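All ligand and atom numbering here is 1-based and tracks the order in the structure. Worth knowing before you read on, the calculation uses all heavy atoms, side chains too, and leaves out hydrogens, waters and symmetry mates. Since the structure is predicted, the reported quantities are computational estimates derived from the model, not experimental observations.
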Amino acid sequence: MATLFISDLHLDAARPHILDAFDRFILDEAVHADALYILGDLFEAWIGDDSADPAGQRFLAGLQPLREAGRPCFFLHGNRDFLLGAGYARRAGLTLLADPAVVQIGGERTLLMHGDTLCTDDHAYQAFRTQSRAPAWQRAFLARPRDEREAFARQARAESRRYTTDASHSALMDVNDDAVRAALRAHGCLRLIHGHTHRPASHRFELDGRPAQRIVLGDWYEQESWLSL
Ligand code: MN
């Protein structure tokens with residue numbers, strides 16, 4: 001049977017067609033697979049497990065057939081939903097993975113990442129990432145009232161939209177080739193699967209004289225997108 005990989009659904013109550021597509025994907029595809037891996041940016045934003053975001057509720061319901069079928073579902077954080085915590089994961093039946101994670105898929109060591117850590121040319125983003133992944137920063141943020149956290153998320157999204165639509169940032173927002181090679185070497189893998197860049201492709205290249213592959217998952221803005229191995 002197959003193992004399925006998805007990322008960058010950016011689930012949001014404002015995009016009901018993606019919520020519907022996800023429900024169909026679970027019923028038509030995922031329940032028949034060995035396992036489902038979600039490689040980050042499942043949600044457009046996540047301000048804490050106490051969020052009132054209806055997309056979070058819809059996802060719990062949408063995943064119900066997978067829980068009933070006893071199929072494992074793994075999740076690693078993206079840059080939008082890095083605050084998704086153990087409490088929500090337990091309710092959803094998600095097994096949280098570290099980023100990066102090494103898994104055996106069809107007997108091959110495979111490196112799984114969201115992909116944002118590979119975009120090392122984007123210094124402004126990497127600085128924010130370092131800050132916001134610190135446990136002290138997260139504790140302080142999660143202790144703030146919900147409306148303050150929602151306002152912060154709205155502002156971050158507006159800034160992200162401005163930044164990503166600026167063409168001069170296009171190269172910065174793709175992965176750095178040296179970072180890809182370093183990650184594969186560090187984990188003894190020749191295959192990498194990641195999302196984040198919304199540039200779906202399968203790149204084949206040589207790593208230290210051996211054939212390597214980098215598979216980039218697509219986003220779900222216009223259509224559903226998944227990888228089956
Ligand atoms: Mn991302």
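- Just one of His194, Gln126, His196, Arg129 meets the side-chain hydrogen bond (donor to acceptor under 3.5 Å, both in side chains) condition when paired with Asp116; it is Arg129.
- Residue contact annotation: Ser7 places no N/O/S atom under 2.8 Å from the Mn ion (ligand 1).
- Of the N and O atoms on the side chains of Tyr163 and Asp122, at least one donor lies less than 3.5 Å from an acceptor on the other residue.
- Taking the Mn ion (ligand 1) as the corner point, the angle from Asn79 atom OD1 to His114 atom NE2 is about 90° (rounded to 10 degrees).
- Taking the Mn ion (ligand 1) as reference, His196 places its N/O/S atom ND1 nearest.
- Outside the 6.0 Å centre-distance limit, the rings of His114 and Phe82 are not counted as a close aromatic pair.
- Few gaps surround CD on Gln131; more than 12 heavy atoms of other groups in view lie less than 6.0 Å from it.
- When distances to the Mn ion (ligand 1) are checked against a cut-off of 2.8 Å, Asp41 contributes an N, O or S atom below that limit.
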